[in-house]
Asker: 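Before we start, here is the structure in question, set down as structure tokens.
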Amino acid sequence: MTDRHPEPGADERAHSDHLTALLREEIAAHGPMPFARFMERCLYTPGLGYYSAGKTKFGAEGDFVTAPELGSLFARCVVRAFEPVLASLGPEAEFLELGGGSGAFAEAALRALDAAGRVPRRFMILEPSADLRQRQRERLHARLPSELAARVVWLDAPPEEEWDGVLFANEVIDALPTTRFTTREGEVYEEHVVLDGEGRFLRTDRPADVLVNGAVRHLERDLGREFDAGYRTEVLPQLPYWMQAVAGTLRKGAMIFADYGYTRGEFYHPERNDGTLRAFYRHRAHGDAFFLPGLQDLTASVDFTALAEAGNSAGFGVAAYLPQAQFLLAADMQAFFEADYLATDDELTRYRLAQEVKKLTLPDQMGERFQVMMFARGVDPDALPAAVLAADQGHRL
């Protein structure tokens with residue numbers, strides 16, 4: 001332990017030790033483990049992974065705060081952006097949220113959809129974590145009117161049948177298990193995890209397979225340059241397949257992805273020579289991916305150019321790409337804020353509203369670090385939010 005990290009409790013330590021033992025066993029039995037596999041096991045091992053166990057993740061008592069946890073403004077803006085699409089699709093339109101978190105987004109979004117007269121036929125939450133699913137269910141049934149809560153259904157996998165509606169994902173792409181790579185003497189190497197003589201995790205590099213090598217060469221062609229020897233960063237070679245899996249059956253509608261990240265040129269800037277991988281533990285960001293497996297979040301920023309390519313390959317067009325602050329302003333956040341501010345005389349409530357706006361929009365908070373990408377397929381351009389489209393910065397991609 002170092003003094004920069006709070007000491008875990010005995011139960012937490014035992015939990016992490018259990019997962020660590022499983023990781024060691026797999027490496028001992030099968031050899032060097034690709035970092036993407038290590039990250040997947042740390043986050044999603046049933047009952048032990050960070051997103052699969054019972055520890056609080058979101059909010060002040062967790063390890064990080066997401067936009068929906070700050071209040072209702074974010075969800076209401078997302079709903080406002082989707083309103084014209086839902087109106088064009090009619091009463092059979094459905095809503096799919098990828099990764100429901102604490103349920104805060106679903107709660108605020110359903111209230112906003114109800115207020116706008118756009119309650120979807122079903123509000124689907126694709127949530128692989130049984131623990132998070134239970135937390136979401138308890139929250140929504142406790143806080144929403146029964147007729148709204150009844151619209152919510154939980155999915156283990158993306159819809160297999162074609163559907164029309166809208167899809168939303170906040171901070172989902174950054175949690176996909178990422179591949180780490182480097183180059184030497186013109187060859188691509190993938191980062192793996194091995195054990196030292198005392199059973200500690202160490203990084204090592206092995207020649208990349210065809211999929212990873214192809215993904216890196218695509219990046220170099222698009223960037224117009226080769227990566228410098230020793231440059232180390234991340235790539236998601238599985239992203240097009242993931243996008244097809246989660247959105248392939250969306251026949252007509254729109255999708256919004258919000259996450260922290262960059263355009264490709266910014267992501268692979270020569271000076272960003274150790275990538276974007278980081279860990280979050282009790283509101284502390286650090287660079288030790290091997291610290292307390294199962295107790296900390298592991299994440300990497302999003303290459304939004306790659307996300308655009310993945311959406312295109314799945315049959316969607318990029319309708320808009322812009323910083324989160326610009327998206328929220330285009331989706332009427334100012335009007336929502338003013339209405340809430342004037343609706344109360346409580347100074348503490350007004351202060352919290354002001355803080356919510358600052359965290360969502362200031363450049364050094366979420367306003368510029370987070371980006372928003374909107375896709376569309378099979379809908380009339382007039383059914384897309386005009387103000388959001390007018391603020392599009394897609395030329396940066």
Side-chain angles (χ1 to χ4, degrees), residues 36 39-40 66-67 74 78 81-82 85 96-99 105 126 158 166-181 211-212 214-223 233-250 253-269 272 275-278 298-328 330 366-377 384-385 388-389 391-397:
M39 181 173 172
E40 178 187 17
T66 64
F74 180 80
V78 170
F82 276 142
V85 179
L96 172 59
E97 182 186 5
L98 303 183
F105 176 84
L126 177 56
V166 295
L167 180 154
F168 173 69
N170 182 62
E171 294 195 51
V172 171
I173 308 296
D174 68 82
L176 295 180
T178 190
T179 295
R180 295 264 292 172
F181 73 89
L211 182 63
V212 174
V216 174
R217 297 310 185 197
H218 170 72
L219 293 176
E220 290 181 326
R221 287 192 297 271
D222 195 45
L223 292 167
T233 187
E234 301 89 28
V235 66
L236 287 173
Q238 77 274 28
L239 188 58
Y241 311 102
W242 179 89
M243 180 67 84
Q244 180 62 42
V246 300
T249 57
L250 176 53
M255 307 188 295
I256 289 177
F257 292 85
D259 223 316
Y260 43 84
Y262 311 93
T263 63
R264 176 163 292 155
E266 296 164 342
F267 191 109
Y268 297 106
H269 191 282
R272 187 173 282 112
T276 67
L277 180 72
R278 53 201 178 279
L298 296 176
T299 177
S301 296
V302 176
D303 171 2
F304 273 91
T305 306
L307 183 61
E309 291 172 344
N312 291 161
S313 69
F316 291 83
V318 177
Y321 168 70
L322 62 170
Q324 178 173 290
Q326 299 303 312
F327 168 78
L328 294 174
M366 295 181 175
E368 294 290 337
R369 293 192 298 109
F370 279 68
Q371 308 291 304
V372 174
M373 182 168 281
M374 186 173 196
F375 294 94
R377 176 162 71 182
L384 297 172
V388 173
L389 269 57
D392 174 44
Q393 298 182 17
H395 63 276
R396 296 172 49 216
L397 295 168

Asker: Supply the atom-to-atom distance Thr305 OG1 to Leu397 CG, rounded to the nearest 0.5 angstrom.
Answerer: 5.0 Å
Asker: Given Thr178 and Val235, is the side chain to side chain contact (heavy atoms under 4.5 Å, CB included) satisfied, shown in steps?
Answerer: CA-CA 6 Å; Thr178 190; Val235 66; over 6 Å; no
Asker: Apply side chain to side chain contact (heavy atoms under 4.5 Å, CB included) to residues Glu171 and Phe370 and explain how you reach the verdict.
Answerer: CA-CA 9 Å; Glu171 294 195 51; Phe370 279 68; 3.4 Å; yes
Asker: Which atoms form the tightest heavy-atom contact between Gly261 and Gln371, and what is the distance?
Answerer: O-CG, 3.7 Å
Asker: Show the nearest heavy-atom pair for residues Phe74 and Leu328, with the distance to one decimal.
Answerer: CD1-CD2, 3.9 Å
Asker: Under the side chain to side chain contact (heavy atoms under 4.5 Å, CB included) rule, what do Val372 and Ile256 come out as? Steps first, then yes or no, please.
Answerer: CA-CA 7 Å; Val372 174; Ile256 289 177; 3.8 Å; yes
Asker: Report yes if some heavy atom in the side chain of Tyr262 is under 4.5 Å from a heavy atom in the side chain of Arg272; otherwise report no.
Answerer: yes
Asker: Calculate, to the nearest 0.5 Å, the distance between atoms CZ and CG belonging to Phe316 and Leu167 respectively.
Answerer: 8.0 Å
Asker: Using a 4.5 Å cut-off on heavy atoms from C-beta on, say whether the side chain of Tyr321 contacts that of Asp392.
Answerer: yes
Asker: List the atom of Ala215, the atom of Pro237, and the distance in Å for their closest heavy-atom pair.
Answerer: CB-CB, 3.9 Å
Asker: Any non-hydrogen side-chain atom of Phe168 less than 4.5 Å from a side-chain atom of Phe82?
Answerer: yes
Asker: Supply the atom-to-atom distance Gln238 CD to Met243 CE, rounded to the nearest 0.5 angstrom.
Answerer: 12.0 Å
Asker: When you compare the side chain of Tyr268 with that of Thr263, does any pair of heavy atoms fall below 4.5 Å?
Answerer: no
Asker: Just how far is it from atom CG of Leu322 to atom CZ of Arg396, taken to the nearest 0.5 Å?
Answerer: 9.0 Å
Asker: If we only count heavy atoms from C-beta on, is the Phe304 to Ile173 side-chain gap below 4.5 Å?
Answerer: no
Asker: Do Tyr260 and Thr299 have a side chain donor and acceptor closer than 3.5 Å?
Answerer: yes
Asker: Any sub-3.5 Å donor-acceptor pair from Arg264's side-chain atoms to Leu223's backbone N or O?
Answerer: no
Asker: For a quick test of reading the model, state the closest non-hydrogen atom pair linking Glu309 to Asp222 and the distance between them.
Answerer: OE2-OD2, 4.3 Å
Asker: Do Asn170 and Phe105 have side-chain heavy atoms sitting under 4.5 Å apart?
Answerer: no
Asker: So, Glu234 and Thr276: side-chain donor and acceptor under 3.5 Å apart, yes or no?
Answerer: yes
Asker: What is the minimum heavy-atom distance between Ser313 and Pro240, and which atoms define it?
Answerer: OG-CB, 4.0 Å
Asker: Starting at CE of Met373, measure out to CE of Met255 and round the result to the nearest 0.5 Å.
Answerer: 10.0 Å
Asker: I want to check something: taking the side chain as every heavy atom from C-beta on, are Arg369 and Pro323 in contact at a cut-off of under 4.5 Å?
Answerer: no
Asker: Could you go step by step and tell me if Trp242 and Val172 meet the side chain to side chain contact (heavy atoms under 4.5 Å, CB included) rule?
Answerer: CA-CA 11 Å; Trp242 179 89; Val172 171; 3.9 Å; yes
Asker: Report yes if some heavy atom in the side chain of Leu239 is under 4.5 Å from a heavy atom in the side chain of Leu176; otherwise report no.
Answerer: yes
Asker: Determine yes or no for a side-chain-to-main-chain donor-acceptor pair under 3.5 angstrom, with Asp259 supplying the side chain and Val302 the backbone.
Answerer: no
Asker: Starting at CG of Leu211, measure out to OG1 of Thr179 and round the result to the nearest 0.5 Å.
Answerer: 7.5 Å
Asker: Can you name the closest pair of heavy atoms from Leu298 and Met39 and give their distance?
Answerer: O-CE, 3.3 Å
